[in-house]
**Q** 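Structure provided below as C-alpha cells; questions to follow.
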Amino acid sequence: MEKKKDSSSPLTDKAIFELLSRFKEIQLEDVDLEIKELELWIQPMARALAPPRRALPPTKPAKPTEILKTEFAPPIRQYSGGVCEVRLGAKKAEGGSRGTSLVIGGEKAPPLHRFEGTMPHEPLVALDVFDMPIPLAAPVKAHFKDVLQDPVAWAKLCVDKFGADMITIHLISTDPSIKNTPAKEAAKLVENILQAVDVPIVIGGSGAPEKDAEILEKTAEVAAGERVMLNSANLDMDFKRVAQAAKKYGQVVLSWTQLDINNQKKLNRELLDILPREQIVIDPTTAALGYGLEYTFSIMERIRLAALLGDQDLQMPLASGTTNSWAAREAWMKTPEWGPRELRGPLWETITSLILFMAGCDFFMMMHPAAVKTLKDTLRALSGGGKAPPDEIAKWVTMKV
Amino acid sequence: MPEKFGPLDIYALLPKTNCGKCAEKSCMAFATRLIERSVTAEQCPPMLEEKHKKSMEKLRDLLRPPIKEMTVGTGERVAKIGGKLVMYRHELTYQNPTAIAVDVTDEMPDDELLKRVKAIESYSFTRIGEDLRLDMIAVRSTSSDPAKFGKTVRIIVENSKMPLILCSFEPNVLEAGLVEAKGRRPLIYAAKKDNWKEVADLALMYSCPVAVFAPNDLQLLQSIASTMMRYGVEDLVLDPGTSVETGLMDTLDNFTMARQAAFVKGDRALGFPIVGVPLAVWSKKEDPPEITAWSEACLASMLLTRYADVLIIHALEPWTLLPIITLRQNIYTDPRKPTAVEAGLKTYGQVDENSPVLMTSNFSLTFYTVANDIESNKINCYLIVVDTEGLSIQSAVAGRKLTAEKVAEAIKKTGIEGKVKHKKIVIPQFAARLRGDLEDMSGWEVLVGPQDSSGIPQFLQQYWQKKA
C-alpha cells in the first residue's frame, strides 16, 4: 500500500503512528499541531512552614481520634439467569473450514462487575467490508482506498493488517435499486472471501427486505457448516426464511430491531420457535455518540439486566453496529475548531464502542483501525488482572505534565 | 434506604385524608408522584404541621437521595454534585451531570496560569440548544510549598469565579490555599489514612466539602468516610483511586462496588459523590501527547458512564473535550424522552409560495438536528416531518418505515400543495432510493439533498435558486 503522509506534520509520525503501530499510513489535512516533549518527574516532597492556624471551633463530644473499624463486604446480588454462549466460525473438525472458532456471551453477572462475576469471553470485533465502493468518511477511507474495488483484498487487509477477529461482508450491491446483483453472484463472492480469510465471517444484506431474505438464504447455503452470522433477521422481512436457512446450514442469526425492547422480545420469541438460543445474537441498533447513543446504552443495559434476572427471551449476547458512529457529523466533518478529524473521527467511534461495552455489548462491527485497536487494547488491559500499587495511584497530584 | 420502596411505603406516612391541598386527587396519587420525584414532600401542606413531624422526618429519610447532594464553589458557577436517586440510567433521569474539572499547578508561570484559567472558564460548546461547559479548576500543588500554593490560589480567585478543587496531601499546603479561597467553598482534596484528622479539621474550619482518598481499598475508604462523618464532616467525596491500563479493572470494580453498596445495602459511608481522575494517564511519559489525550478521553468517558460525579482531566483539546461533554449530555438526558416527535408540516422563518420544501424523519434526534441547522442558518422553508416511527432516515429506509408511499401521503396530508406554487421537494441523501417511485406517485420533482443537514444552506443556494 502506498504511503501517503504529510511529512511536514509531526503528528503523522509521532502520534497516529504510535496509535496505529503496525499500520503506518494516514491521510492528514489541515493538521497543525506541535508535539511537545512530554516531561514527567516527581518532585521530592518539600515540606515548608505552615501559615499560622486559627482556633478550632468548640469541639463536639466523642470525636474519634483513630480511624473507626468498619465492616465492608462487596455488595453482591444474586442473579438467577445468564447469557447463553454463541460460537462463531467452525473449524474443520466442527464441519467448517475456519482457522478460528470464537465464543461470545456466557455472562452470569452485569458487565464489569468483577466482584460479582468475571466476563467469560472477551468481546469480538468484526471489521466492515463492502462488495462495492461506497462513500466513506475521509479518516476511514485513508486506510481502505486501495481495496475499495476488491472486497476479497479488503477482507484480507482487515485480518492481516488490522487485527480483525472477524469480517462482515456487506452485500449492498444486491439492493434492487443499486445494482441488483443476483444471489448467485453474491454467493460466489462469499465463497471467495471464505477462501481468502480463515476467520469467522458475518454476511450482511443490503437492507432491501425481500431481496435480503433470498440473499441470506443463498449465502447461508454456500457457507454451510461455517457457522457464519447472518445479518440480519428483522421484523420487516421474512425473518422465518432467514432463521430456517440458519437452522438448515448451521449458521447464527443476528436478531435486529430498532431501539425497542418489546419488538426485540417479540422477534427473539419468533426466532426461538425455529432456532436454539445458541444461534441467536441480539442487535438493538446502535445510535452514534451525540445522536442517541444513550438510547442504545440504556436498551442494552436493560436487556442484559433482564437476561440476568431470568428473561429467557433476552438471554443472548449483544451486538453493535458501531460503524454507525460515523453518521455523527462530529466524527467526519472538516471543522478546524473541533480539532483534526483524523483524531476526532476514530475517537468518536472508539468511545461509542467503549460505552456500549460497559452496557454489556459482546460483539462490535466497526470501521476504523485505530478505534478497533483502542477497544481491543482496553479489553486486553481489563482482563489482564494487573494491580496498580496505591503509591502510584496517588502520584497524579504532584506529577509534572 | 431500602433497595426498593413503593408508593405504599410512602402512603403509610402521609395524612391519608385525600384533602387535595397538594392538587392531587388522593394521597395515593401524591405518593406515586413522590416516587417519580415530580413533587416534593413539602408540597403536602398538612405534613408541615407539628402533628406529622415524625412522619415527615421518616418520609424525608425515605426520599433522601442515596448519594448525598452537595455544592462546590459559590456564585453563578457553583457546581452541584451527587444527589443521585438511581443506580441505572434507565430508572430515572440522573441528577447533576458529572462536574468536569481541568487542572492547573502551583508551578506554572503566572501568565500561563491565567491563560489556562481563562480557557477553562470560557470553554463552551452549544449542542442541541444547550450550552455545555467545564465546571471546575483543580489546583495541584506540584511544589508542595504552601507559599507557592497560596499565591496560585489567590491569583485564580482574583481572576475567576470557577469552583476550585485544592489538591495536596499536605495539610499545611491545603490550608495555605483555603486561606486564599475563603468563602469560595472549594473541594479539599484529599484526606487519607495518615492525614485524615488534620484535613477533617480544615474542612470544619473552612466549611468545605472534602475528598477521601483510599486507593484500591474500599474497606479503608468506608472506614475513613465513617470516621470523618463521626468527626462532624458532612460533605464528603470519595476517591477509590483511578488506575490506568492493567489497573483499570480495579478502578471500575471499585467505582461500581461503592455505588452498588450505597444503593443495594444503603451504605451511608459510601453514599457520597465519586471523583475519577482520568488525568492519571499523563503519568505515561513515553507516549506523544496526542496519544495520552486520546487515552484520557477514553478513560473519562468510561468513568463518566460508570458513576463518576466529578472528573479531573488535563487535556484542553477541542477534539477530546467534544466527545466527553457530548457523552455527558447524552447520559444525563431523561431516559423516558420519546424517540419520536410529532409528524406534520413545520415552517421556518418567512415562508411564501416559492419557499423550498424539505423533508426529514420524526426521529427526535434527526428532527432537532435538521431544525437546528435550518434555524441557525436563518433559512425560510417548509419542512415535512414524515412519521418514520421514530427511526432515523437511514434505519427507516432500511426498515421500510420510510417509503415513497409514506412521503407521497405526507405531501397530500400536510396540504403543502396549497401553500407553494412549485412542486419540488428536497429529500435527504440517505433516502435517495425513494426518488423514482416518489416522483411517480406524487407528481413532484424530487431533489436529492445532502447526506447531513449541515449541507442544507449550501445545497439550497446551489440548486434551489437555479431550479426554482
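By convention in this document, chain letters (A, B, ...) are assigned in the order of the sequence lines, proteins followed by strands, and residues within each chain are numbered from 1.
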**Q** Taking side chain as everything from C-beta outward and backbone as N, CA, C, O, which of these in B:Phe125 sits under 4.5 Å from a heavy atom of chain A? Side chain, backbone, both or neither.
**A**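 Looking at B:Phe125, just its side chain touches chain A.
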
**Q** Which residues satisfy the side-chain contact (heavy atoms from CB on, under 4.5 Å) test with B:Thr369, sequence neighbours excluded?
**A**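 B:Thr369 satisfies side-chain contact (heavy atoms from CB on, under 4.5 Å) with A:Tyr291, A:Arg329, B:Asp373, B:Ser453 only.
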
**Q** Heavy-atom distance under 4.5 Å to chain B: side chain of A:Trp348, backbone, both or neither?
**A**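 When you check distances to chain B, only side chain atoms of A:Trp348 fall under 4.5 Å.
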
**Q** Quick check on B:Ser141 against chain A: is it the side chain, the backbone, both or neither that has a heavy atom closer than 4.5 Å?
**A** backbone

**Q** At a heavy-atom separation under 4.5 Å, does A:Pro346 approach chain B through its side chain, its backbone, both, or neither?
**A** both

**Q** Side chain, backbone, both or neither: which part of B:Leu248 has an atom under 4.5 Å from a heavy atom of chain A?
**A**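 Both parts, backbone and side chain.
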
**Q** Between B:Thr242 and chain A, with a heavy-atom cut-off of 4.5 Å, which part of the residue counts as in contact: side chain, backbone, both or neither?
**A** backbone

**Q** Heavy-atom distances under 4.5 Å only: say whether B:Tyr332 touches chain A with side chain, backbone, both or neither.
**A**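 Contact with chain A involves no heavy atom of B:Tyr332 at all.
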
**Q** Does a donor on one side chain sit under 3.5 Å from an acceptor on the other, for B:Gln222 and B:Asp267?
**A**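 The criterion, which ignores hydrogens and geometry beyond distance, is satisfied for B:Asp267 and B:Gln222.
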
**Q** Using non-hydrogen atoms and a 4.5 Å limit, figure out which bit of B:Leu270 sits close to chain A: side chain, backbone, both or neither.
**A** side chain

**Q** Please state whether the side chain, the backbone, both or neither of B:Lys401 comes within less than 4.5 Å of a heavy atom of chain A.
**A** side chain

**Q** Taking side chain to side chain donor-acceptor pair (under 3.5 Å) as the test, write out the residues that go with B:Thr388, two or more places apart.
**A** B:Asn362

**Q** Which bit of B:Ile312 comes within less than 4.5 Å of chain A, counting heavy atoms only: side chain, backbone, both or neither?
**A** side chain

**Q** Taking side chain as everything from C-beta outward and backbone as N, CA, C, O, which of these in B:Gln219 sits under 4.5 Å from a heavy atom of chain A? Side chain, backbone, both or neither.
**A** both

**Q** Measure B:Tyr189 against the heavy atoms of chain A and call it side chain, backbone, both or neither at under 4.5 Å.
**A**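 The side chain, not the backbone.
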
